K.L.:
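Before I ask anything, let me first share the structure, which is written out below as structure tokens.
What you are looking at is a predicted structure, and each value in this text was computed from that prediction instead of being measured.
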Amino acid sequence: MSSQKTLTPKHIAIIMDGNGRWAKSRGLQRWEGHQAGAESVKAVIEGCIEAKVEYLTLYAFSKENWNRPKTEVNALMKLLEQFLKKKSSELKKNNVRLQAIGNLQDLSSGPLKELKKTIHETRNNTALTLILALSYGAREEIIHGIRSVLSDIKEGKLDPSSLDTKIFSEHLYTAQTPDPDLLIRTSGEKRISNFLLWQISYAELFISDKLWPDFKKENLLEAIQDFSNRERRYGEV
Ligand code: IPE
Ligand code: IPE
Ligand code: MG
């Protein structure tokens, strides 16, 4: 890797935060904030296609989000199912390939069924790969990767002395995906919240003060513009 000015990010990852505060500021219920957030998802997908971004990973539900009140968790699962049902034809029309990372077997059967169906139906699409992080936790992903490495060693498929960062990356959920170049978090919070810890090692960070439902295509394009002016140095001079 050498230090370089980069143009368009190949992979953008987004921590979509602030739905609850958006709803509260309008005197609405939290789930209504999540519902409004779905429109921003649509906007950033369109923005990525326009800007020729190849991969978009959206943090939609964390492992820790299961600890929220049951009513909110249920509403989020319902909204996920509805989103997939409603947007699946649009994803197909826009040539978007859907994938998912996380502990998917934790999801309720309704959204899980829709998810698997849309992933299957869009598997050959080529404009944009949209990756939903669902019941996702980066530390859990790393443990999963370690177990997978240990199993390869036990089966004699891997010599422990040849393990390196490239091989380890191939044991993560993101094995087939290049690392994110740009990580966006909305709602002004400056933390990672257990998202893609391994993969964001050299990502550029962009914190937006917009709450997620207010984050629109122009805000994404602004983040891409900001990224294109940065100098990535990868530890060099
Ligand atoms: C992000 O919005 C959506 C999820 C985490 C599912 P929040 O629900 O975290 O909204 P705030 O942070 O409470 O405003
Ligand atoms: C991170 O947001 C998870 C998602 C966006 C899905 P949270 O709102 O759950 O994170 P914290 O609690 O502020 O760290
Ligand atoms: Mg939040």
K.L.:
Does D226 use its side chain to pair, donor to acceptor, with the backbone of A223 at less than 3.5 Å?
P.N.:
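Not confirmed, D226 side chain does not pair with A223 backbone.
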
K.L.:
In Å, rounded to the nearest 0.5 Å, how long is the span from CD of E39 to CG of D214?
P.N.:
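Going from the CD atom of E39 to the CG atom of D214 covers 12.5 Å.
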
K.L.:
Is there a path of hydrophobic side-chain contacts, each under 4.5 Å between heavy atoms of I/L/V/M/F/W/Y residues, joining L182 to I49?
P.N.:
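They do share one cluster, since a chain of ILVMFWY contacts under 4.5 Å joins I49 to L182.
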
K.L.:
Using the salt bridge (charged side-chain N to carboxylate O under 4.0 Å, His left out) definition, which of the options R97, K92, K93 pairs with E121?
P.N.:
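Between E121 and the candidates, salt bridge (charged side-chain N to carboxylate O under 4.0 Å, His left out) is satisfied uniquely by K92.
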
K.L.:
When rounded to the nearest 0.5 angstrom, what is the spacing between CG in L158 and CD in E170?
P.N.:
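The CD atom of E170 is 10.0 Å from CG of L158, to the nearest 0.5 Å.
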
K.L.:
Please test T57 against Q199 for side-chain contact (heavy atoms from CB on, under 4.5 Å), starting from the C-alpha separation and ending with a verdict.
P.N.:
CA-CA 12 Å; T57 300; Q199 298 87 341; over 6 Å; no

K.L.:
Within a radius of less than 6.0 Å around CD of Q176, do more than 12 heavy atoms belonging to other residues, nucleotides or ligands occur?
P.N.:
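Incorrect, the count does not exceed 12.
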
K.L.:
Just by modelled atom types, is the P213 backbone N or O under 3.5 Å from a matching donor or acceptor in the K216 side chain?
P.N.:
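Yes, K216 side chain to P213 backbone: donor-acceptor pair under 3.5 Å.
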
K.L.:
Does the distance from a Lys or Arg side-chain N to an Asp or Glu carboxylate O, for K210 and E222, drop under 4.0 Å?
P.N.:
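No, no charged N to carboxylate O under 4.0 Å.
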
K.L.:
I need the L91 CG to K42 NZ distance, nearest 0.5 Å.
P.N.:
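Rounded to the nearest 0.5 Å, the CG-NZ separation comes out at 11.0 Å.
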
K.L.:
Could you walk me through whether W212 and S187 pass the side-chain hydrogen bond (donor to acceptor under 3.5 Å, both in side chains) check?
P.N.:
CA-CA 7 Å; W212 178 247; S187 88; over 6 Å; no

K.L.:
Exactly one of W66, Y136, F83 should register a ring pair (Phe, Tyr, Trp, His ring centres under 6.0 Å) with F61. Which one does?
P.N.:
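The option that passes is W66.
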
K.L.:
Do L107 and L115 come close enough that some side-chain heavy atom pair is under 4.5 Å?
P.N.:
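SC-SC contact between L107 and L115 confirmed.
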
K.L.:
Any donor-acceptor pair under 3.5 Å linking the side-chain atoms of E64 with those of N194?
P.N.:
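Yes, E64 and N194 have a side-chain donor paired with an acceptor closer than 3.5 Å.
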
K.L.:
Can you confirm whether I12 sits close enough to V44 that some side-chain heavy atom of one is under 4.5 Å from a side-chain heavy atom of the other?
P.N.:
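Not touching, per the 4.5 Å side-chain cut-off.
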
K.L.:
Counting only N and O atoms by type, is there a donor-acceptor contact under 3.5 Å from the side chain of D164 to the main-chain atoms of K166?
P.N.:
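Yes.
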
K.L.:
Is a side-chain donor or acceptor of E141 paired with a backbone partner of Y173 at a separation under 3.5 angstrom?
P.N.:
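Present.
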
K.L.:
Set out, in order, the CA-CA distance, both residues' side-chain angles and the distance that settles side-chain contact (heavy atoms from CB on, under 4.5 Å) for F195 and L183, then state yes or no.
P.N.:
CA-CA 10 Å; F195 190 43; L183 173 70; 3.8 Å; yes

K.L.:
According to a hydrophobic-cluster definition based on side-chain heavy atoms being under 4.5 Å apart (Ile, Leu, Val, Met, Phe, Trp, Tyr only), do V96 and I119 belong together?
P.N.:
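As far as the 4.5 Å side-chain criterion goes, I119 and V96 are connected within one cluster.
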
K.L.:
Could you tell me the separation between the SG atom of C48 and the CG atom of N94, rounded to the nearest 0.5 Å?
P.N.:
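The CG atom of N94 is 12.0 Å from SG of C48, to the nearest 0.5 Å.
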
K.L.:
Whether the N74 and T71 side chains hold a donor-acceptor pair (N or O, under 3.5 Å, no angle test) is what I'd like checked.
P.N.:
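No donor-acceptor contact under 3.5 Å links the two side chains.
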
K.L.:
Within a strict 4.5 Å, meaning less than it, do heavy atoms of the K87 and V41 side chains meet?
P.N.:
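With C-beta onward as the side chain, the pair stays apart.
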
K.L.:
In Å and rounded to the nearest 0.5 Å, what is the OG1 to CZ distance from T186 to F206?
P.N.:
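Atom-to-atom, T186:OG1 and F206:CZ are 11.0 Å apart.
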
K.L.:
Within the 4.5 Å heavy-atom criterion, are N65 and S62 side-chain neighbours or not?
P.N.:
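Heavy-atom side-chain distance check passes, below 4.5 Å.
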
K.L.:
Please confirm whether the ring centroid of Y202 lies under 6.0 Å from the ring centroid of Y234.
P.N.:
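Y202 vs Y234: aromatic centres under 6.0 Å.
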
K.L.:
Can you tell me how far CD1 of I192 sits from CD1 of I15, rounded to the nearest 0.5 angstrom?
P.N.:
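These two atoms lie 5.0 Å from each other.
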
K.L.:
State whether the number of non-hydrogen atoms from other residues, nucleotides or ligands found under 6.0 Å of R26 atom CZ is greater than 12.
P.N.:
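Check passes, neighbour count above 12.
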
K.L.:
Any donor-acceptor pair under 3.5 Å linking the side chain of R147 with the backbone of H144?
P.N.:
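Not a single qualifying donor-acceptor pair exists.
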
K.L.:
Mind checking whether I224 and P9 have side chains closer than 4.5 Å, heavy atoms only?
P.N.:
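They are in contact (side-chain heavy atoms under 4.5 Å apart), so the answer is yes.
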
K.L.:
Do Y59 and L196 pass the side-chain contact (heavy atoms from CB on, under 4.5 Å) test, and can you show the C-alpha distance, the side-chain angles, and the key distance before you say yes or no?
P.N.:
CA-CA 9 Å; Y59 202 6; L196 300 176; over 6 Å; no

K.L.:
Quick check against the 3.5 Å criterion: does T122 have a side-chain atom that pairs as donor or acceptor with the backbone of L98?
P.N.:
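It does hold such a pair.
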
K.L.:
With the 4.5 Å side-chain cut-off for hydrophobic clustering, are I200 and F227 part of the same group?
P.N.:
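No.
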
K.L.:
Does any part of the side chain of I184, heavy atoms only, come nearer than 4.5 Å to the side chain of L220, both counted from C-beta?
P.N.:
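Yes, their side chains come closer than 4.5 Å.
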
K.L.:
Strictly below 4.0 Å, N to O, side chains only: are E140 and K63 in salt-bridge contact?
P.N.:
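Looking at E140 and K63, the cut-off is not met.
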
K.L.:
Any sub-3.5 Å donor-acceptor pair from S228's side-chain atoms to Q225's backbone N or O?
P.N.:
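Yes, S228 side chain to Q225 backbone: donor-acceptor pair under 3.5 Å.
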
K.L.:
Hey, any chance L58 and I101 share a hydrophobic cluster, counting ILVMFWY side chains that come within less than 4.5 Å of each other, even indirectly?
P.N.:
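Each belongs to a different hydrophobic cluster.
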
K.L.:
Measure the shortest side-chain to side-chain distance between I146 and F168 over non-hydrogen atoms and say whether it is less than 4.5 angstrom.
P.N.:
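In short, these two side chains touch, coming nearer than 4.5 Å.
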
K.L.:
Where the side chain of R185 meets the backbone of R191, is there a donor-acceptor pair that is under 3.5 Å apart?
P.N.:
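Present.
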
K.L.:
Tell me which one of K10, R232, H11 satisfies side-chain hydrogen bond (donor to acceptor under 3.5 Å, both in side chains) with D181.
P.N.:
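Exactly one pass, corresponding to R232.
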
K.L.:
Quick one, L80 and L76 - any side-chain contact, counting heavy atoms below 4.5 Å?
P.N.:
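L80 vs L76: side chains apart.
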
K.L.:
Tell me if a side-chain donor or acceptor on E72 pairs with a main-chain N or O of P69 at a distance below 3.5 Å.
P.N.:
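No.
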
K.L.:
Is the side chain of N103 donor-acceptor paired with the backbone N or O of S135 at a distance under 3.5 Å, no angle test?
P.N.:
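No; zero donor-acceptor contacts below 3.5 Å.
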
K.L.:
Over all heavy atoms of both residues, which pair between I207 and E189 is shortest? Give the atoms and the distance, please.
P.N.:
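The pair with the smallest heavy-atom distance is CD1-O, 3.6 Å.
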
